Amino acid sequence: MTMPRRIWAAVALSGLTILSAGATELPPPVATLVAAESEFAAHAVATDMRQAFIRVLGTDGILLRPGPVAGAAFMAARPIPPIELNWRPSFAYVAASGDIGISSGPWRILSRNNPATPPTYGHFISLWKRAATGHWMLAFDTGISHPDASGADAFLLTPATTKYHSTSAAIEDTIKRFVGKVAATDYSAAVNSFAAADIRSYRDGAAPAVGLNAAQKRARQWPQHRLVGVAAGSGMSAGNDLVYRLFEIRSDITGSLVAHGFTVWRATENGGMELILDVVNDMPLVKPPAQHY
């Protein structure tokens with residue numbers, strides 16, 4: 001089991017309190033990922049969110065808006081939204097090989113046209129890949145919204161890198177068994193069956209559920225659907241210790257596409273894989289413009 005680091009140093013950024021980490025207190029790959037996410041957020045506030053996204057999106061970067069789209073092209077084709085999107089990482093995890101990592105944390109949106117408009121809140125989930133230059137590039141981005149600033153003052157949590165590794169065959173076997181579990185039961189039951197003790201589970205309308213008990217409780221409140229296949233977006237670290245998959249979730253009644261499930265898996269001591277992060281984005285949900293960044 002990995003042991004989390006809880007680190008904080010208060011910094012004010014455009015009115016949103018940032019609890020971040022000193023780079024010297026973190027392993028270098030984690031420190032650079034946290035720095036990349038924080039710089040990304042600062043650039044969005046200082047300029048505009050469209051420019052900030054285009055700057056960090058890799059050539060194959062994917063956004064869920066709400067289905068998967070080519071990120072850079074999607075952003076370039078849209079007008080600059082009249083909002084201030086402000087966020088910070090409160091969770092970061094990097095593969096032992098240092099080539100992919102995930103970060104997550106709270107976001108807040110303010111209207112730039114009407115400052116009196118109440119803010120909207122949520123949490124983002126980002127998956128980063130390290131480029132040949134050594135820089136982190138955004139490979140996948142999604143998020144959820146919720147009604148208040150829950151988690152806005154959370155400490156930065158950085159679990160220690162796993163010591164274990166898996167194999168390509170074991171990874172594919174895990175995914176196959178996960179898909180089979182969904183077919184036999186439902187998506188939420190499958191998540192719970194493969195979840196790590198420290199899983200982070202995200203659903204629109206509430207702050208992230210952290211830990212297996214919270215995730216299981218959340219699953220009972222979410223509609224039960226069947227997973228059919230893998231959509232655009234999959235990959236693994238060079239050391240086969242961190243894996244991600246984007247799934248299509250379809251209704252077991254109509255067969256229609258109702259959501260996408262993004263999952264991140266970590267290698268275990270026995271060479272298997274456990275689910276450490278799961279987020280569901282509903283389809284064809286159209287969020288209010290202020291939230292649909």
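Reckoned from all heavy atoms, side chains included, excluding hydrogens, waters and symmetry mates. All values derive from a computational prediction rather than experimental measurement.
Atom OH in Tyr121 sits 13.0 Å away from atom OG in Ser145 (nearest 0.5 Å).
Listed here is the closest heavy atom pair of Gly261 and Ile249: N-CD1, 3.7 Å.
For Ala95, the side chain to side chain contact (heavy atoms under 4.5 Å, CB included) criterion is met by Ser97, Asp99, Ile100, Ser237, Asp241, Leu242, not counting sequence neighbours. Among residues two or more places apart in sequence or in another chain, the salt bridge (Lys or Arg N to Asp or Glu O under 4.0 Å) test is passed with Arg245 by Glu172. In this structure Asn270 satisfies the side chain to side chain contact (heavy atoms under 4.5 Å, CB included) test together with Thr268, sequence neighbours excluded. For Ser168, the side chain to side chain donor-acceptor pair (under 3.5 Å) criterion is met by no residue, not counting sequence neighbours. Residues passing the side chain to side chain donor-acceptor pair (under 3.5 Å) test with Arg112, sequence neighbours excluded: none.
Side chain of Arg130 to main chain of Gly98: a donor-acceptor pair is present (N/O by atom type, distance under 3.5 Å, no hydrogens or angles). Within the 3.5 Å criterion, the main-chain N or O of Glu274 finds no donor-acceptor partner in the side chain of Arg266.
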Donor-acceptor list for residues 173-180 side chains, cut-off 3.5 Å, not counting sequence neighbours:
residue	atom	partner	partner atom	Å
Asp173	OD2	Arg177	NE	3.0
Thr174	OG1	Ala170	O	3.0

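Linking ILVMFWY side-chain heavy atoms closer than 4.5 Å, directly or via other members, places Leu85 and Ile54 in a single hydrophobic cluster. No single ILVMFWY cluster, assembled from side-chain heavy atoms under 4.5 Å apart, contains both Leu212 and Trp265. Cluster annotation: Phe74 is connected to Met49 through the hydrophobic network of ILVMFWY side chains, with a link wherever side-chain heavy atoms come within less than 4.5 Å. No continuous path of ILVMFWY side-chain contacts below 4.5 Å connects Leu110 to Ile80, so the two sit in separate hydrophobic clusters.
Using a 30° and 60° split on the angle between ring planes, Phe40 and Trp87 fall in the perpendicular class, above 60°.
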Kindly indicate, with the supporting measurements, whether the criterion side-chain hydrogen bond (donor to acceptor under 3.5 Å, both in side chains) is fulfilled by Ser111 and Asn113.
CA-CA 5 Å; Ser111 170; Asn113 287 344; 5.5 Å; no
Begin with the C-alpha distance, continue with both residues' side-chain angles, and end with the deciding distance and a verdict on side-chain hydrogen bond (donor to acceptor under 3.5 Å, both in side chains) for Asp278 and Thr263.
CA-CA 5 Å; Asp278 139 71; Thr263 58; over 6 Å; no
Salt bridge (charged side-chain N to carboxylate O under 4.0 Å, His left out) between Lys163 and Glu269, worked out:
CA-CA 8 Å; Lys163 300 178 295 184; Glu269 185 175 8; over 6 Å; no
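Ring-centre distance between Phe140 and Phe262: below the 6.0 Å cut-off.
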